[in-house]
Amino acid sequence: MQFILVVLSVLFAFAAAAEEAVAAEAVPPQAKPGCTDHCGNLPIPYPFGIEHDYCYMSKDFSVHCDTSAEPPIATWGDGNIVITNISLAEGEMQIPHFVANDCYNSQGVHSNLRTDLWVRPFTVSHTRNKFIAVGCDTYAIFRGYRADEEWLMSGCMSICDNRESVEQSCSGVGCCKTDIPIGLFNNTVRLDSYYNHTYVLDFNPCSYAFIVEEGNFTFSPNTSFQDLSNIKKLPMILNWEIGEVSCDEAQKKDDYACKANSKCVNRTISNDRSGYICQCLEGYQGNPYLPDGCQGEICT
């Protein structure tokens, strides 16, 4: 009897190992053959690629992986923009970006941090981010560059006399927010005050402003003034796309990027520019930019 139990245990172990092997084989590839598909725990799917030009579609999708850091850190291109997530399905990249501040103390000493970010040819997502300013003596402005040398400027202001008057939500008293214009290649955020925070210094010596992925910051009058003094960066979403042509035009070109079992989706970059992204057809999963990347029909 004991021998039978041992045999059954061995058989179950082999079966479990076989299932794991099949599952591993079933995972569609994300990178080109011979290319690294992760930087630490972060997947790096094609058209992005690490180091070698064979591994990415173009220089715009080049990723550097700093393996000397623990954990390893992925940065975009030759710059210092850290990548925390890449979405193939939505054509998005998540990055952490600095929080601007404008601070005063009782001796009248003033310090501030203005933030600048250039991401061309990618754009700051106008659907997935919000511009938010926090403070009781605060006006915040952001400006950005769009195609055809077009500069845009927007912002908001927040005024309040005491902590008790601050509203629970980000609705204009203690915190204000506004939408992001479509198609910005960059953003510059700056802050200022009307009275140098003189009348609110005891509870609000600083103003803060930032562009943040919607849902990744929740204002609270009880904690946000203090919490933001310890937060250097917040997540922001960038949009990326393939080229600057529509699906109809792209499908006529030799370098059309959408492979088998995938579809082309138009992406509006700005009012007068468009590009496209690729998505696996319904019932398929994987990477639509790789040959046979969208694999095996999945029951839905």
Atom pair [atom1]/[atom2] of [X] and [Y] - distance to nearest 0.5 Å:
X    : Y    : atom1 : atom2 : answer
C206 : L113 : SG    : CG    : 11.0 Å
W76  : I86  : CH2   : CD1   : 11.0 Å
I237 : M93  : CD1   : CE    : 9.5 Å
S125 : L238 : OG    : CG    : 8.5 Å
C156 : I132 : SG    : CD1   : 8.5 Å
C35  : H52  : SG    : NE2   : 7.5 Å

Report yes if the side chains of [X] and [Y] come closer than 4.5 Å at any heavy-atom pair, otherwise no.
X    : Y    : result
C170 : K177 : yes
F61  : I242 : yes
Q295 : P29  : yes
I182 : T268 : yes

Pairs touching [range] that satisfy salt bridge (Lys or Arg N to Asp or Glu O under 4.0 Å), sequence neighbours left out:
range            : value
residues 34-43   : none
residues 230-245 : E241-R267, E244-R273
residues 60-70   : none
residues 181-197 : R190-D192

Is there a path of hydrophobic side-chain contacts, each under 4.5 Å between heavy atoms of I/L/V/M/F/W/Y residues, joining [Y] to [X]?
X    : Y    : result
F203 : Y199 : no
V99  : F131 : no
M57  : V63  : yes
F98  : M236 : no
L152 : V124 : yes

*asked:* Evaluate C258 against C264 for disulfide bond (SG atoms under 2.5 Å apart), listing each step before the verdict.
replied: CA-CA 6 Å; C258 303; C264 185; 4.4 Å; no

*How does the hydrophobic cluster around V109 look, that is, which other residues are in it when side-chain heavy atoms under 4.5 Å mark a link?*
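The other cluster members (ILVMFWY side chains, heavy atoms under 4.5 Å, direct or chained): none.
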
*With ILVMFWY side chains joined below 4.5 Å, transitively, what does I73's cluster contain besides itself?*
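V82, listed by chain and number.
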
For [X], I'd like to know if atom [atom1] has over 12 heavy atoms of other residues, nucleotides or ligands within 6.0 Å.
X    : atom1 : value
K259 : NZ    : yes
Y256 : OH    : yes
D202 : CG    : yes
F185 : CZ    : yes

Where [X] and [Y] come nearest, the two heavy atoms and their spacing:
X    : Y    : value
L191 : A140 : CD2-CB, 3.5 Å
S193 : D137 : CB-O, 3.0 Å
S87  : W240 : O-CZ2, 3.4 Å
P288 : L88  : CD-CD1, 4.3 Å
A133 : T138 : CB-CG2, 4.2 Å
P181 : R146 : CB-NH1, 4.4 Å

*Assess the cysteine pair C294 / C280: is their SG-SG separation shorter than 2.5 Å?*
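The answer is yes, since C280 and C294 bring their SG atoms under 2.5 Å apart.
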
*C160-C136 sulfur separation below 2.5 Å?*
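A disulfide is present here, as the SG pair of C160 and C136 is separated by less than 2.5 Å.
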
*Run the side chain to side chain contact (heavy atoms under 4.5 Å, CB included) check on I231 and L234 step by step: do they pass?*
CA-CA 8 Å; I231 296 175; L234 287 167; 4.0 Å; yes

*asked:* side chain to side chain contact (heavy atoms under 4.5 Å, CB included), that's the test. Do V119 and I81 meet it? Break it down for me.
replied: CA-CA 9 Å; V119 296; I81 297 177; 4.2 Å; yes

*Would a line drawn from the ring center of F48 to the ring center of Y56 be shorter than 6.0 Å?*
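No, ring centres 6.0 Å or more apart.
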
[X] side chain to [Y] backbone, donor-acceptor under 3.5 Å:
X    : Y    : value
N287 : Y46  : yes
N162 : E164 : yes
N266 : Y276 : no
Y289 : C278 : yes
N204 : V200 : no
S158 : C175 : yes

*Check whether NZ of the Lys or CZ of the Arg K32 lies under 6.0 Å from the centre of the six-membered ring of Y54 and within 45 degrees of that ring's axis.*
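Yes, a cation-pi geometry holds between K32 and Y54.
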
*asked:* Both conditions, 6.0 Å and 45 degrees, for the charged tip of R143 above the ring of W151: are they met here?
replied: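 Flagged: R143 positioned over aromatic ring of W151.
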
*Under the ring-ring contact (aromatic ring centres under 6.0 Å, His included) rule, collect the residues that match up with Y139, sequence neighbours excluded.*
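Y139 satisfies ring-ring contact (aromatic ring centres under 6.0 Å, His included) with Y194 only.
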
*asked:* For H64, give me all partners under ring-ring contact (aromatic ring centres under 6.0 Å, His included), at least two apart in sequence or on another chain.
replied: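 Residues passing ring-ring contact (aromatic ring centres under 6.0 Å, His included) with H64: none at all.
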
Under 3.5 Å, which donor-acceptor pairs do the side chains of residues 208-227 form with other protein atoms, sequence neighbours left out?
residue	atom	partner	partner atom	Å
E213	OE1	Q94	NE2	2.7
E213	OE1	N216	ND2	3.2
E213	OE2	R128	NH2	3.3
S220	OG	N222	N	3.3
S220	OG	T223	OG1	3.3
S224	OG	S220	N	2.8
S224	OG	S220	O	3.2
Q226	NE2	S229	OG	3.3

*Can you list the steps and then say if S106 with L201 is a side chain to side chain contact (heavy atoms under 4.5 Å, CB included)?*
CA-CA 7 Å; S106 57; L201 200 60; 4.1 Å; yes

_Can you list everything that forms a salt bridge (Lys or Arg N to Asp or Glu O under 4.0 Å) with R114? Sequence neighbours excluded, please._
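Salt bridge (Lys or Arg N to Asp or Glu O under 4.0 Å) list for R114, sorted by chain: D116.
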
*Sequence neighbours left out, what passes salt bridge (Lys or Arg N to Asp or Glu O under 4.0 Å) with K130? Give chain and number order.*
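Scan of K130 (salt bridge (Lys or Arg N to Asp or Glu O under 4.0 Å), adjacent residues dropped) gives D179.
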
*Could you list the residues that satisfy side chain to side chain contact (heavy atoms under 4.5 Å, CB included) with H110, not counting sequence neighbours?*
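Checked H110 against side chain to side chain contact (heavy atoms under 4.5 Å, CB included); matches are D102, Y104, N112.
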
*asked:* Could you walk me through whether I180 and N129 satisfy the side chain to side chain contact (heavy atoms under 4.5 Å, CB included) test, starting with their C-alpha distance in whole Å, then the side-chain angles of each, then the deciding distance to 0.1 Å, before giving a yes or no?
replied: CA-CA 7 Å; I180 307 296; N129 299 305; 4.1 Å; yes

